[in-house]
Number of protein chains: 2
Amino acid sequence: MPKRVDHEERRRAIAEALWRIACARGLDGASLRDVAAEAGISLGQLQHYFSSKDEMLVFALKHLGGLAEDRIRARLLGLTGPPSPRDVLRETVMEMLPLDSASRTGNLVQIAYFVRALHDERLRGHAKEGIPALRAFFADQVRAGIARGEVDASRDADAEAMLLIALTDGLTTYLLLEACGPDEAVSLLDGHLDRLFTA
Amino acid sequence: MPKRVDHEERRRAIAEALWRIACARGLDGASLRDVAAEAGISLGQLQHYFSSKDEMLVFALKHLGGLAEDRIRARLLGLTGPPSPRDVLRETVMEMLPLDSASRTGNLVQIAYFVRALHDERLRGHAKEGIPALRAFFADQVRAGIARGEVDASRDADAEAMLLIALTDGLTTYLLLEACGPDEAVSLLDGHLDRLFTA
DNA sequence: TTATTCTCAATACAGCTGACTTGGAAAAGC
DNA sequence: GCTTTTCCAAGTCAGCTGTATTGAGAATAA
């Protein structure tokens, strides 16, 4: 056998090269040759690790989502003391927003996938799969807030969860377009949470 | 001179063919030949009306925005009696959301443009140009609501306007992904407006 | 009629795309 | 040393892309 190579690591490196290109030129502007060049390998080598372009795209999408989840988890673990539901929601949303350039890259790539998913049934499944879990997570936090008396009991936890997700997503759009600054986005979200957590 | 042709009308017909393709396969999947075939004309004829693909894309985008504005204006004029600020906001937002299949098409195309604009400076200008006006329009309605005592005077009209725009945009995303139904989106927005217009 | 100008079809072209094939280098197990 | 398996570089291929060119038909104005 030849030298043993960590396939997963190679695939991750290729996926990250794909992100860089997708971020700069869009997903459709990322040819196999471009990605290979960005990753510093030959086209043949790239095709050795991904037997088709579609396989590469799906892998890169899943890897992206995994890293985002990891970042959120790490951020929540980094909270000092027992976090309140409001803190959990705030930190999660802040991590999702494109407030720094690294997060901006991730969001740009994710949106590129989203748009492709609108016309591609296979990708749509992958794109949608994380939404119910996120929504349930948010709803749980709202319910915890209600239980602690920090949220008015008349609020519908599921509705508030969807509202917060949609708001985050919309702000993401305008942040990426630079039609809205990071400070403004943060203050808008804080204001929204202020009215949700009234106690 | 040969038979006189209404250039603008031809260009509109071509733009609409482009939308149909962009809606089904994405903007990047719309080649000049595809658009010409969809419009029922030859490639040469299409090139006679648009000297470059870029020109066609920009024209189609502006035409799309113009029609959307017209629909909103018509809907507001259709309101019986003097509309309250809340009605104006509600109707405008409802017209923007992809609640029926026609509006869904428009939103799909608009998002395709949005994503391309993220990587294309020329398009970004066109994509952003309508946002400040919309935001100012929404803010004016909120201010009118405050003046009429229907909105709490402590609310920041500009912030509420941005919040509503972002929320609409986020809901649009999840409607298009079918991660959220039309009824739910409407009820979420009504709930949001209920809390804004408290009197 | 004749000339002019508009409309548009056909074709060509260079460049890029994703997929595939071939062949060889390298390293582990025997 | 020899085999076997893995890894990967180079090249080929058909197909599609946007653009440019050429020329023909058609209708108006002289």
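Every chain is numbered from 1 and lettered A, B, ... according to where its sequence line falls, protein lines coming before strand lines. Only a predicted model underlies this, so the values are computations on that prediction, with no experimental measurement involved.
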**Message:** Just to verify, which of A:L176, A:V93, A:L99, A:L97 counts as forming a side-chain contact (heavy atoms from CB on, under 4.5 Å) with A:L171?
**Reply:** A:L97
**Asked** Which one, D:dT19, D:dC8, C:dC8, comes nearest to the side chain of A:R10?
**Response** D:dC8
For residues 57-74 of chain B, dump all side-chain donor-acceptor pairs below 3.5 Å to protein atoms at least two apart in sequence or in another chain.
{"unit_1": "B:E69", "atom_1": "OE1", "unit_2": "B:R73", "atom_2": "NH2", "d": "3.0"}
{"unit_1": "B:R71", "atom_1": "NE", "unit_2": "B:E95", "atom_2": "OE2", "d": "2.9"}

**Asked** What residue pairs, at least two apart or across chains, pass salt bridge (Lys or Arg N to Asp or Glu O under 4.0 Å) with a residue in residues 36-47 of chain B?
**Response** B:R20-B:E38
**Item:** Pairs flagged by salt bridge (Lys or Arg N to Asp or Glu O under 4.0 Å) wherever residues 160-177 of chain A is involved - sequence neighbours left out
**Value:**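 Listed once each, the pairs are A:R155-A:E160, A:E160-B:R195.
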**Request:** May I ask you to verify if any side-chain N or O of A:H7 is less than 4.0 angstrom from the OP1 or OP2 atom of D:dC7?
**Result:**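 The answer is yes; a side-chain N or O of A:H7 sits under 4.0 Å from OP1 or OP2.
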**B:Y174: partners by ring pair (Phe, Tyr, Trp, His ring centres under 6.0 Å), with sequence neighbours left out** =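 By the ring pair (Phe, Tyr, Trp, His ring centres under 6.0 Å) rule, B:Y174 matches no residue at all.
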**Item:** B:Y113: ring pair (Phe, Tyr, Trp, His ring centres under 6.0 Å) partners, not counting sequence neighbours
**Value:**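 Expected list: none.
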**Message:** Determine whether a donor-acceptor pair (one donor, one acceptor, N or O, separation below 3.5 Å) exists between the side chain of A:Q47 and the base of C:dC20.
**Reply:** yes
**Request:** Specify the residues of residues 48-62 of chain B, ordered by number, for which at least one heavy atom lies under 4.0 angstrom from an atom of DNA chain C.
**Result:**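 Those residues whose heavy atoms fall under 4.0 Å from DNA chain C, taken from residues 48-62 of chain B in numerical order, are B:H48, B:Y49.
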**Prompt:** Of the residues in residues 22-44 of chain B, which ones touch DNA chain C at a heavy-atom distance under 4.0 Å?
**Reply:** B:R33, B:S42, B:G44
**Request:** Send over the distance from A:Q45 CD to D:dT6 C1', rounded to a whole Å.
**Result:** 12 Å
**Item:** Protein-nucleotide distance (B:E8, atom CD; C:dT7, atom C1'), rounded to Å
**Value:**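 Atom-to-atom, B:E8 to C:dT7, this comes out as 17 Å.
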**Request:** Identify, with sequence neighbours excluded, every residue that meets side-chain contact (heavy atoms from CB on, under 4.5 Å) alongside B:S187.
**Result:**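 Listed in chain order: nothing, the list is empty.
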Would you be so kind as to tabulate the donor-acceptor pairs closer than 3.5 Å made by side chains of residues 178-186 of chain A, with sequence neighbours excluded?
{"unit_1": "A:E184", "atom_1": "OE2", "unit_2": "B:R135", "atom_2": "NH1", "d": "3.1"}
{"unit_1": "A:E184", "atom_1": "OE2", "unit_2": "B:R135", "atom_2": "NH2", "d": "2.3"}

